[in-house]
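Single-structure report; data block below.
So you know, we letter chains A, B, ... as the sequences are listed, proteins then strands, and number each from 1.
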Amino acid sequence: MPGASPPFPQNPKDAIALQLQLREQLQFTPFPPERVRLIAGADISFNKFSPEIYAGIVVLSFPGLQIVEQATTVAKADFPYIPGLLSFREMPALLKVWEQLQFKPDVVVLDGHGYAHPRRMGIAAHFGLATNCPALGCGKSVLVGQHGYLAAEKGSFAYLLHNGEKIGAALRTKTGVKPVYISAGHLITLPDALNIMLLCCTRYRIPEPTRQAHLLVNRLRIESGNHKQPK
DNA sequence: GCGACAG
DNA sequence: ATCTTGTCGC
């Protein structure tokens with residue numbers, strides 16, 4: 001019965017084994033900006049010492065970047081945060097949100113990395129495979145790899161290299177601010193991911209899909225905790 | 001063994 | 001990721 005979703009591993013050993021298996025299925029085919037009509041940003045939020053995680057996806061028009069749809073869910077995190085295994089913590093909740101979407105986007109932006117991962121299977125790659133939707137990673141810091149100098153001007157970039165391989169790029173999304181890190185997830189190439197992300201940058205460091213998703217899940221978390229009024 | 005380490 | 005006020009700079 002192909003297509004049935006296998007359960008998520010419950011321990012690091014099994015999770016790593018699954019990553020090594022899944023990475024063989026990744027495809028990096030062109031997906032230029034011209035083919036994007038809807039783009040989504042996905043993110044989660046949580047309180048430091050609480051198991052509740054607030055997940056959300058925002059769908060935006062492209063290139064207009066107007067919000068078309070928003071969906072959220074609250075779930076329990078059943079996997080700890082371990083660098084390199086982020087998807088096993090965040091994806092179950094994000095997939096529930098994904099199923100709720102009325103309009104499936106043409107491409108999804110995940111908060112974190114895709115190919116720029118020690119085993120080339122970051123959350124953007126995993127999510128893209130699970131949904132069979134083009135996906136890319138946009139992280140705020142490096143997980144693995146290094147890059148050289150990049151100019152201060154918006155649009156400048158420098159490739160992220162790891163073990164002699166080009167795995168992603170540091171991209172200046174706004175003049176004079178720290179870069180973000182872009183990598184392909186699945187069904188997209190790094191150049192296309194870079195071009196699409198640059199077209200999502202308005203006046204902030206964080207590209208609009210991710211920025212809106214972040215705002216959404218933070219609002220959800222704050223309001224969720226404020227329902228029960230203290231007596 | 002030591003240091004690094006997405007969110 | 002979250003906790004936090006003001007503050008330096010374009």
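- Straight-line distance from the CZ atom of A:Phe49 to the P atom of C:dT2: 13 Å, rounded to whole Å.
- Screening A:His186, A:His162, A:Arg23, A:Glu165 for a side-chain hydrogen bond (donor to acceptor under 3.5 Å, both in side chains) involving A:Tyr115 leaves a single residue, A:Glu165.
- The hydrophobic clustering, which links ILVMFWY residues whose side-chain heavy atoms are closer than 4.5 Å, places A:Ile123 and A:Phe88 together.
- Between the side chains of A:Thr173 and A:Arg205, not a single donor N or O lies within less than 3.5 Å of an accepting N or O.
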Summarise how protein sits on nucleotides 4-10 of chain C as a single string, 5' to 3': B when a protein heavy atom is under 4.0 Å from the base, S for sugar-phosphate-only contact, - for no contact. -------
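- Residue A:Lys178 places its NZ atom among 12 or fewer non-hydrogen atoms of other residues, nucleotides or ligands, all under 6.0 Å distant.
- Among the heavy atoms of the strands lying under 4.0 Å from A:Ile123 is at least one base atom, whether or not backbone atoms are also near.
- Salt-bridge annotation for A:Arg211 and A:Glu208: present, with a side-chain N of the basic residue lying under 4.0 Å from a carboxylate O of the acidic one.
- In this structure, A:Asn218 reaches the C:dT2 phosphate: one of its side-chain N or O atoms is under 4.0 Å from OP1 or OP2.
- When heavy atoms are screened at a 4.0 angstrom cut-off, A:Gly84 is found touching base atoms of the nucleic acid.
- Using a 4.0 Å heavy-atom distance criterion, A:Ile53 is classed as making no nucleic acid contact.
- The aromatic rings of A:His147 and A:Tyr181 sit tilted relative to each other, their planes meeting at an angle between 30° and 60°.
- At the heavy-atom level, A:Ser45 lies under 4.0 Å from the strands shown only through sugar-phosphate atoms.
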Would A:His214 and A:Tyr204 satisfy ring pair (Phe, Tyr, Trp, His ring centres under 6.0 Å), going step by step from the backbone distance to the final call? CA-CA 13 Å; A:His214 192 264; A:Tyr204 306 94; over 10 Å; no
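- Interface residues of residues 133-143 of chain A facing DNA chain B, ordered by number: A:Gly139, A:Lys140, A:Ser141, A:Val142, A:Leu143; criterion, heavy-atom separation under 4.0 Å.
- The closest side-chain donor-acceptor pair between A:Thr210 and A:Asp111, if any, does not fall under 3.5 angstrom.
- Figure legend: cation-pi geometry between A:Arg89 and A:Phe79 absent, as NZ or CZ is not positioned both under 6.0 Å from the six-membered ring centre and within 45° of its axis.
- With no hydrogens or angles considered, a side-chain donor-acceptor pair links A:Asp14 and A:Asn11 at under 3.5 Å.
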Let me see the working for A:Glu153 and A:Arg172 under salt bridge (charged side-chain N to carboxylate O under 4.0 Å, His left out), right down to the final yes or no. CA-CA 7 Å; A:Glu153 287 67 45; A:Arg172 197 82 70 184; over 6 Å; no
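- Of all nucleotides in DNA chain B having an atom under 4.0 Å from a heavy atom of chain A, the first and last in 5' to 3' order are B:dC5 to B:dG7.
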